[in-house]
Amino acid sequence: MRKRIWFIFVFVLFIISGYLLYTLVIQAQQERYIFCERLVPGMTKEEVLNILQEFGEIEYGGNITPVGRSHIFAGYIDPQIVGQNTYILNFENGRYINVSVIIGFENGKWVCE
């Protein structure tokens, strides 16, 4: 009887671990597709936000200045899309250049390296 309970416990743990791993892989693929394939350097703020909103509702803040560097902080409301990450969209002279993601207490890492 104990072996049976132990087997069921290990089996359920295995299924849960597999599901979580699958979810992380899907989110990483989705992140790469959205931020590395769909967003192209040189886009305007409106173009970037329109593409991001194709995949779900986003919250964002920050202003784009016509001269110099500026940033928008954005994140998806639905964590199933790419997790609960905050992305820093970097612009230069009003045009999109790249994106980084804030992880924990780190400053951020580049999404498309």
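At a threshold of 4.5 Å between non-hydrogen side-chain atoms, the residues Arg69 and Asn93 do not count as touching. The shortest side-chain heavy-atom distance between Arg2 and Phe7 does not fall under the 4.5 Å cut-off. Under the 4.5 Å side-chain criterion, counting only non-hydrogen atoms from C-beta, Leu52 is in contact with Leu89. Taking 4.5 Å as the limit, every side-chain heavy atom of Glu57 sits out of range of all side-chain heavy atoms of Asp78.
Atom CD of Gln30 and atom CZ of Phe35 lie 9.5 Å apart (nearest 0.5 Å). Taking CG of Leu21 as the start and CD1 of Ile26 as the end, the distance is 10.0 Å to the nearest 0.5 Å. Separation of atoms CG (Leu49) and CD1 (Ile64) is listed at 8.0 Å; rounding is to 0.5 Å. Atom OH of Tyr19 is separated from atom CD1 of Ile16 by 11.0 Å, given to the nearest 0.5 angstrom. Within the model, atoms SG of Cys36 and CD of Glu31 stand 7.0 Å from one another, a figure rounded to the nearest 0.5 Å. In this structure, the separation between CZ on Arg38 and CG on Asn50 is 10.5 Å, given to the nearest 0.5 Å.
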* Quick one: do Leu39 and Ile51 satisfy side chain to side chain contact (heavy atoms under 4.5 Å, CB included)? Show the steps, please. => CA-CA 7 Å; Leu39 297 184; Ile51 287 175; 3.8 Å; yes

* Walk me through it: do Phe55 and Tyr76 pass the test side chain to side chain contact (heavy atoms under 4.5 Å, CB included)? => CA-CA 9 Å; Phe55 298 93; Tyr76 282 98; 3.8 Å; yes

* To do: Under the side chain to side chain contact (heavy atoms under 4.5 Å, CB included) rule, what do Thr44 and Tyr96 come out as? Steps first, then yes or no, please.
  => CA-CA 6 Å; Thr44 65; Tyr96 172 77; over 6 Å; no

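Counting only distance, with no hydrogens or angles, the side chain of Gln27 and the backbone of Leu24 share no donor-acceptor pair below 3.5 Å.
Cluster membership check: Val25 does not share its hydrophobic cluster with Ile81, using side-chain heavy-atom separations under 4.5 Å among Ile, Leu, Val, Met, Phe, Trp and Tyr.
For the pairing with Trp110, the side chain to side chain contact (heavy atoms under 4.5 Å, CB included) check across Val99, Ile88, Asn90 returns one residue only, Asn90. Put simply, the residue from Ile34, Val111, Ile58, Ile72 that forms a side chain to side chain contact (heavy atoms under 4.5 Å, CB included) with Tyr87 is Val111.
The environment of CD in Gln84 is sparse: at most 12 heavy-atom neighbours from other residues, nucleotides or ligands sit within 6.0 Å.
In this structure, Phe91 and Met43 approach most closely via the heavy-atom pair CE2-O, 4.2 Å.
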